[in-house]
Amino acid sequence: MALQSAISKLRSPVRDLVVSVTRDGQELGGQNEADQKEVIRWIEKTSLGNLVNQNNLKDLDTLLIPKTYIATGYVTAADVALYGELHPFVSKMDSSQYYAVPSLTRYFDHIQSRTSVRASAESLGEAFQVIPFDLVTAPKLERKAEPSKKKEKAPKAPTDAGEKPATKAPEPSTLSAPSDKPQQREKKEKEQVAPQVGDSNRTVGNKKGGGGKAPAPDEGEPVPSMVDLRVGHIIDVIKHPDADGLYIEQIDLGEETGPRTVVSGLVNYIPIEQMRDKYLVAVCNLKPASMRGVKSFAMVLCATSKGGKEGGIELIQPPANSKPGDRVYFEGDEYENAMPLPQLNPKKKIFETVQPGFITLNSKEAAWINPLTKSVHKIRTAKGVCVAPTLIGASLS
């Protein structure tokens, strides 16, 4: 086949890495004929040796600015090949160098973090060791604002004779460039309270279930609409190498940044065969947490039998024909158009407060029951209500 022919032209050990990843049950050749041609084209460009060299890393960084993956809108063998070729160059960079090529760094770290790539890379020894990126101490970008014209105006005259004009330190909002007009400041303020990750795929407006209101503040009584629920699709799942009871999943949430790594304690309750290629509901605005050395960036929403874990645990299923990133919300005028918080503050214990009301009804439909009014608010997308396969009266978490 043309793909195997293109891969064979790659240098070793890059070729060995690509072969190992594609043999590990991965379909990385492209999902249609047009994508397959693009994958082959980029692998061939990589094999020529002029796509990646010390002199054109800046050009490659510019090329990667709008891209999550090099050939298509999803990971392919071309990404594994490019990662392999980049590895010796990135491994020699110091912090100032990889901060100078942020798109390339972001792309490289995304590909090296995929579980299938890591498993194959580790099987090949030291050739493709993980390269850590210290983003915490990244140098801040310096933006020099033009002098404000307002500062050129003469100070107001004193109100009393002999009184000197007061000199007041400018408010923080006045320190921006002159182009930061009221309308632009208002836009920026809205952007600051918008969801931080993957919001490009959400519907905005007054459409039912579309999220037309501003995000709920985390002050006051916690409400379920503060929780960011979305449809996810498991595209890869393995058992945690250092924890017998944990899965490590790659979940597509419809985000341009690619799938999120999620760690779930479901090994003893749901067979791995039932996890693969599964559509589910994910809690997306919890604070990321490390679980036995692997950082988890979301939580899988599950139903636990009213008799306890021994009675069974099931993934909450979104409606048929759901797509990754579809918004999941709570029925009711006060909730269905409210946008969730960008990230739940662990100190506020918002999820912990509303979670006891999460349950499956006699219809197996997922819902939240208001503990004060006993009103029922089904958990749904625009296409229908989310359900548990078999469990009734189950708690959701």
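Keep in mind the model is a prediction, meaning the values are calculated, not measured. The chain is numbered in sequence order, starting from 1.
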For a 4.5 angstrom cut-off between non-hydrogen side-chain atoms, does Leu301 reach Leu280? no
Just jot down the ring pair (Phe, Tyr, Trp, His ring centres under 6.0 Å) partners of Phe330, sequence neighbours excluded, or say none. Phe358
So with a 6.0 Å cut-off around CG of Asn321, is the heavy-atom count from everything else above 12? no
The criterion is salt bridge (charged side-chain N to carboxylate O under 4.0 Å, His left out); which residues satisfy it with Lys58, sequence neighbours excluded? none
Is it true that, when you exclude Asn32 itself, more than 12 heavy atoms of the residues, nucleotides or ligands shown sit nearer than 6.0 Å to its CG? yes
Rest of the hydrophobic cluster containing Leu246 (Ile/Leu/Val/Met/Phe/Trp/Tyr, side-chain heavy atoms under 4.5 Å)? Ile238, Ile248, Val263, Met291, Val294
With sequence neighbours left out, the residues meeting salt bridge (charged side-chain N to carboxylate O under 4.0 Å, His left out) with Arg41 are Glu38
Would you call Leu10 and Ser47 a side-chain contact if the rule is heavy atoms closer than 4.5 Å? yes
If you measure from the Lys or Arg side-chain nitrogens to the Asp or Glu carboxylate oxygens, is any gap between Arg230 and Glu255 under 4.0 Å? yes
Applying ring pair (Phe, Tyr, Trp, His ring centres under 6.0 Å) to Phe297 and not counting sequence neighbours gives none
Considering only Ile, Leu, Val, Met, Phe, Trp and Tyr, and joining two whenever side-chain heavy atoms are under 4.5 Å apart, list the other residues clustered with Leu372. none
Is there side-chain contact between Pro371 and Pro356, with heavy atoms separated by less than 4.5 Å? no
Note, Thr261 side chain near Ser113 side chain (heavy atom, < 4.5 Å): no
Charged N to carboxylate O under 4.0 angstrom, Asp326 versus Lys383? yes
Which pairs pass ring-ring contact (aromatic ring centres under 6.0 Å, His included) with one or both residues in residues 235-271, sequence neighbours excluded? none
Salt bridge (charged side-chain N to carboxylate O under 4.0 Å, His left out) filter on Lys45, not counting sequence neighbours, yields none
Over 60° means perpendicular and under 30° means parallel, so classify the ring planes of Tyr335 and Trp368, tilted if in between. perpendicular
Which hydrophobic side chains are connected to Leu391, either touching it within the sub-4.5 Å cutoff or through other members that do? none
Tell me whether Met299 is reachable from Ile350 by hopping between hydrophobic residues (I, L, V, M, F, W, Y) whose side-chain heavy atoms are closer than 4.5 Å. yes
Partners passing salt bridge (charged side-chain N to carboxylate O under 4.0 Å, His left out) against Glu33 (at least two apart in sequence or in another chain): Lys37
Can you tell me if NZ on Lys67 sees more than 12 non-hydrogen neighbours from other groups inside 6.0 Å? yes
Contacts of Ser8 that satisfy side chain to side chain donor-acceptor pair (under 3.5 Å) - sequence neighbours left out: none
Quick one: do the Thr72 and Asp35 side chains pair a donor with an acceptor below 3.5 Å? no
Pair Tyr74, Asp252: side-chain N/O donor-acceptor within cut-off below 3.5 Å: no
Any pair with a residue in residues 264-293 that passes salt bridge (Lys or Arg N to Asp or Glu O under 4.0 Å), sequence neighbours left out, goes on the list, sorted by first then second residue, please. none
